[in-house]
Amino acid sequence: MDDSTWKKQPATGEWNTATNWDPAEVPTNKATFSTSSQTAITFSPTEAAIVNDIEFAPGAPSYTFTFGTAPVTPALTIAGDGMANNSSTPQHFNVASFATGFEHPQLLFTNTATAGGNDMYYTAGPETPEGKGGGIIRFVDRSTAGSASFTIRTGSGTPPSEGSTVGGEVSFGDTASAETARFTIYGSTSLTDGDTFGNAVFHDASTADHATFTNVGGTVSGGDGGNTQFYGTATAANGIFNNYGGTHSKANGGDVAFDATSNGGQGHFYNHASKVANGYGGVTSFNNNPPNMPDNQGTSAGHGNYHNYGAQDDAEGGGGHTYFT
């Protein structure tokens with residue numbers, strides 16, 4: 001396996017170009033970034049990259065890694081220990097894409113890879129604010145989100161009928177963990193497509209661990225807020241969830257939804273009222289919906305703590321609520 005360092009004077013910003021590395025080999029084991037004239041990194045639309053570890057050396061500047069829409073997914077797989085930022089500067093990974101589902105992420109963490117510490121920043125969203133859908137970051141096996149920060153958005157464009165309505169998404173599968181990461185999740189910005197929104201999604205036996213989730217209320221009439229969703233046997237564990245009310249008349253609040261046999265664990269859920277008249281409050285819901293739901297079983301609130309806040313005055317809208325279906 002190859003270790004390579006990003007050159008101080010690379011010809012381009014493309015990761016997949018061997019001559020941008022020293023030695024001139026695209027790394028498959030460890031990629032090191034130090035000082036360089038080129039700090040905007042992109043990925044080939046036709047070649048997938050796989051690396052075990054990415055290290056930012058002491059004194060390295062801030063880099064921005066941008067993932068666009070391409071037929072080859074994932075564009076980058078991180079399969080070893082993951083991210084290590086030894087610089088004194090933040091590092092940014094921007095997944096600005098149109099995706100069709102969590103099975104086709106642009107950035108994938110596998111095995112025991114971590115997204116890194118609190119100086120690592122990730123964004124999943126559309127290519128432009130006016131675009132449709134959004135890109136996907138996925139964690140599988142026993143990988144973790146570490147203590148990184150994630151911002152999840154969608155665009156104002158309406159996805160085509162033959163495409164997906166998936167917004168920007170950070171997805172967890174297998175026994176992957178959100179660890180102590182921080183997630184800020186935004187809803188629809190479209191007046192014609194309120195069903196496409198940012199998502200943090202837990203499948204299989206994955207866990208929210210001790211992470212913090214801020215589901216921002218909807219900002220347009222009829223639009224949904226940001227969502228955190230649990231499927232399979234996933235658990236909210238000790239996560240903290242703030243579901244804020246809509247900020248526009250008839251806008252929905254942020255939402256945490258449990259389906260299949262997932263559970264609230266020992267999480268803390270705060271469903272806030274809308275701050276505007278005719279807006280709707282934040283929601284936590286437990287739903288007997290498939291997939292993989294055995295007979296006579298469903299979701300569980302577990303041993304969680306649930307807080308529903310009402311309106312404070314006549315100018316505010318609907319209060320927060322928790323419900324079971």
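Sequential numbering from 1 along the given sequence is applied to the chain's residues. Just so you know, these numbers use all the heavy atoms, side chains as well, and skip hydrogens, waters and symmetry mates. This structure is a prediction, so every number in the text was calculated from the model and none was measured.
Val166 is not connected to Phe202 by any chain of hydrophobic side-chain contacts under 4.5 Å among Ile, Leu, Val, Met, Phe, Trp and Tyr, and they are in different clusters. The same ILVMFWY cluster, assembled from side-chain heavy atoms under 4.5 Å apart, contains both Ile54 and Tyr122. Note on Tyr270 and Phe241: separate hydrophobic clusters, where clusters join Ile, Leu, Val, Met, Phe, Trp and Tyr whose side-chain heavy atoms are under 4.5 Å apart, directly or indirectly. With hydrophobic clusters built from ILVMFWY side chains whose heavy atoms lie under 4.5 angstrom apart, Tyr186 does not share a cluster with Phe98. Note: the hydrophobic cluster containing Val201 does not contain Val95 (ILVMFWY, side chain heavy atoms under 4.5 Å, direct or indirect links).
When atom types are taken as modelled, the side chain of Ser177 and the backbone of Ala208 share no donor-acceptor pair closer than 3.5 angstrom. Judged by distance alone, the side chain of Asn243 and the main-chain N or O of Val283 form a donor-acceptor pair under 3.5 Å. Between the side chain of Ser36 and the backbone N or O of Thr39 there is no donor-acceptor pair closer than 3.5 Å. Looking only at distances, no side-chain donor or acceptor of Tyr63 sits under 3.5 Å from a matching main-chain atom of Phe56. Judged purely by atom type and a 3.5 angstrom limit, Ser4 uses its side chain to pair as donor or acceptor with the backbone of Glu25. Listed for the Thr284 side chain is no donor-acceptor partner under 3.5 Å among the backbone atoms of Val256. Here the side chain of Gln9 pairs no donor or acceptor atom with the backbone of Ala11 at under 3.5 angstrom. Between the side chain of Asn111 and the main chain of Ala79, a donor-acceptor pair closer than 3.5 Å is present. Formation of a donor-acceptor pair under 3.5 Å by the Ser190 side chain with backbone atoms of Gly157 is not found in this model. Formation of a donor-acceptor pair under 3.5 Å by the Thr89 side chain with backbone atoms of Ala60 is found in this model.
Note: Trp6 and Trp21 have perpendicular aromatic rings, judged against thresholds of 30 and 60 degrees for the angle between ring planes. The aromatic rings of Phe324 and Phe286 lie parallel to each other, their planes meeting at an angle below 30°, with 60° marking the opposite boundary. The aromatic rings of Phe150 and Phe139 stand perpendicular to each other, their planes meeting at an angle above 60°, with 30° marking the opposite boundary. Ring geometry for Phe67 versus Phe43: interplanar angle under 30°, hence parallel rather than tilted (30 to 60°). Classified by interplanar angle (parallel below 30°, tilted 30° to 60°, perpendicular above 60°), the ring pair Phe65/Phe33 is perpendicular. Using bins of under 30°, 30° to 60° and over 60° for the plane-to-plane angle, the ring pair Phe183/Phe213 lands in the parallel bin.
If you check the side chains of Thr123 and Asn94, you find no donor sitting under 3.5 Å from an acceptor. In summary, the side chains of Arg182 and Ser149 do present a donor paired with an acceptor at a separation below 3.5 Å, with no hydrogens or angles considered. No hydrogens or angles considered: nothing links the side chains of Asn271 and His321 as a donor-acceptor pair under 3.5 Å.
Asp53 contributes atom CG, which lies 9.0 Å from atom OG1 of Thr32 (distance to the nearest 0.5 angstrom). Note that CG of Asp141 is 5.5 Å distant from OG1 of Thr110, once rounded to the nearest 0.5 Å. Atom CD1 in Ile185 sits 4.5 Å away from atom CD1 in Ile152 (nearest 0.5 Å). Thr100 OG1 to Ile136 CD1: the interatomic distance, rounded to the nearest 0.5 Å, is 7.0 Å. Gln38 contributes atom CD, which lies 7.0 Å from atom OG1 of Thr12 (distance to the nearest 0.5 angstrom). Going from atom OG of Ser285 over to atom CG of Asp255 covers 5.0 Å, rounded to the nearest 0.5 Å.
Across all non-hydrogen atoms, the minimal contact from Ala311 to Gly317 is CB-O, 3.4 Å. Summarising the geometry of Gly187 relative to Phe197, their closest heavy-atom pair is CA-CB, 3.8 Å, with the distance given to 0.1 Å. The nearest pair of heavy atoms linking Pro71 to Pro45 is CD-O, 3.5 Å. The minimum heavy-atom distance linking Pro10 with Lys7 is given by the pair CD-O, 3.2 Å. Contact between Thr219 and Ala251 at its shortest, heavy atoms only, is N-CB, 4.2 Å. Considering all non-hydrogen atoms of both residues, Pro27 and Trp15 come closest at CG-CZ2, 4.3 Å.
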Listed pairs under 3.5 Å, donor-acceptor, residues 226-239 side chains, sequence neighbours left out:
residue: Asn227; atom: ND2; partner: Gly225; partner atom: O; Å: 2.9
residue: Thr228; atom: OG1; partner: Asn215; partner atom: OD1; Å: 3.1
residue: Thr228; atom: OG1; partner: Asn215; partner atom: ND2; Å: 3.3
residue: Thr233; atom: OG1; partner: Asp204; partner atom: O; Å: 3.2
residue: Thr235; atom: OG1; partner: Ala237; partner atom: N; Å: 3.0
residue: Thr235; atom: OG1; partner: Asn263; partner atom: OD1; Å: 3.1

Do Thr196 and Ser188 pass the side chain to side chain contact (heavy atoms under 4.5 Å, CB included) test, and can you show the C-alpha distance, the side-chain angles, and the key distance before you say yes or no?
CA-CA 6 Å; Thr196 303; Ser188 173; 5.6 Å; no
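Both the sub-6.0 Å distance and the 45° axial angle are not jointly satisfied by Arg138 relative to the ring of Phe102.
Counting non-hydrogen atoms of other residues, nucleotides and ligands closer than 6.0 Å to NZ of Lys250 gives a total of 12 or fewer. Within a 6.0 Å radius of CG in Asp314, no more than 12 heavy atoms belonging to other residues, nucleotides or ligands are found.
Looking only at side-chain heavy atoms (C-beta outward), Tyr280 and Ser274 stay at 4.5 Å or farther from each other. Put simply, the side chain of Val276 does not reach to within 4.5 Å of the side chain of Asn278, judged on heavy atoms. Side-chain contact between Tyr244 and Lys275: absent, with no pair of heavy atoms (C-beta onward) separated by less than 4.5 Å. When side chains are defined from C-beta on, Glu14 counts as touching Ser44, because their heavy atoms get closer than 4.5 Å.
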